[in-house]
Amino acid sequence: MKKTESFFDLVFQVVRQIPEGRVTSYGAIASCLGSPQSSRMVGWAMNASHTAFPPVPAHWVLNRNGLLTGKMHFSSPDAMQDLLEKEGIEVKNDAVIRFKELFWDPQKELSLE
DNA sequence: CACATGACTGACT
DNA sequence: AAGTCAGCCATGT
């Protein structure tokens, strides 16, 4: 298990491009990769994020509802929310406040980059 | 090679 | 409005 991380690597790189204090969704990343339907692969890639290095800021990646779906996969279920709050992002009921305002579209932002 | 799983999303009931 | 089903594609067994 070393190569074959092509898809994972794509997701990891995109996530690492997320500006601090911003968030994005799995669907956005999937779309950026060219497969808006492969949102599952994005989540799957995040599952492997703990094996990637440097560590991927998965706490910025949420589902389309802005919910901290993957918080349970962190070191601690509350770590994700805590990190977001430290970034100045308000989190209530496992959901990011002003999600659409903090939303960072990789396809759009990276395209303009 | 075939089946089962997964941090999602959209549509249907 | 809330719950259920299917589609999507890569990884692991």
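Throughout, a chain's letter reflects where its sequence line sits, starting with A, and its residues are numbered from 1. Everything numeric in this text was worked out from a predicted model, so none of it was measured.
Residues Leu33(A) and Phe103(A) share a hydrophobic cluster, clusters being chains of Ile/Leu/Val/Met/Phe/Trp/Tyr side chains in contact below 4.5 Å. Each of Leu67(A) and Leu83(A) belongs to its own hydrophobic cluster when Ile, Leu, Val, Met, Phe, Trp and Tyr are linked at side-chain heavy-atom distances under 4.5 angstrom.
Between Phe8(A) and Phe12(A), the ring planes are tilted. Angles from 30° to 60° get that label.
In this structure, Ile29(A) atom CD1 and dT9(B) atom P are separated by 10 Å, rounded to whole Å. Taking atom CZ of residue Phe7(A) and atom P of nucleotide dC9(C), one finds them 10 Å apart after rounding to whole Å. Remark: P of dA10(C) and CG of Leu33(A) are 11 Å apart, rounded to the nearest angstrom. Rounded to a whole Å, the CH2 atom of Trp44(A) is 10 Å from the P atom of dT13(C).
For the strand DNA chain B, secondary-structure stems (runs of at least three Watson-Crick or G-U pairs, all distances below 3.5 Å) span B:2-6 with C:9-13, B:8-13 with C:2-7.
A heavy atom lying under 4.0 Å from DNA chain B marks the following residues of residues 54-72 of chain A, by number: Ala58(A), Asn63(A), Arg64(A), Thr69(A), Gly70(A).
Two residues are said to be in side-chain contact when any heavy atoms from C-beta on lie closer than 4.5 Å; Trp44(A) and Asn47(A) meet this criterion.
Taking only side-chain atoms of Gln37(A), from C-beta outward, the nucleotide of dA7(B), dT11(C), dC8(C) with the closest atom is dC8(C). You'll find that the side chain of Ser38(A) is closest to dC9(C), out of dT11(C), dC9(C), dT9(B). For His73(A), counting side-chain heavy atoms from C-beta on, the closest listed nucleotide (dA7(B), dT9(B), dT11(C)) is dA7(B).
When each of Asn93(A), Val96(A), Val61(A) is tested with Leu68(A) by the rule side-chain contact (heavy atoms from CB on, under 4.5 Å), just one qualifies, namely Val96(A).
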| request: Apply side-chain hydrogen bond (donor to acceptor under 3.5 Å, both in side chains) to the pair Gln17(A) and Gln13(A), showing each step before the final yes or no. | output: CA-CA 6 Å; Gln17(A) 304 316 299; Gln13(A) 289 183 57; over 6 Å; no

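Checked for salt-bridge contact, Asp94(A) and Lys71(A) meet the test: a charged N lies under 4.0 Å from a carboxylate O.
Evaluation of the salt bridge (charged side-chain N to carboxylate O under 4.0 Å, His left out) test over residues 52-65 of chain A, restricted to residues two or more places apart or in two chains, returns none.
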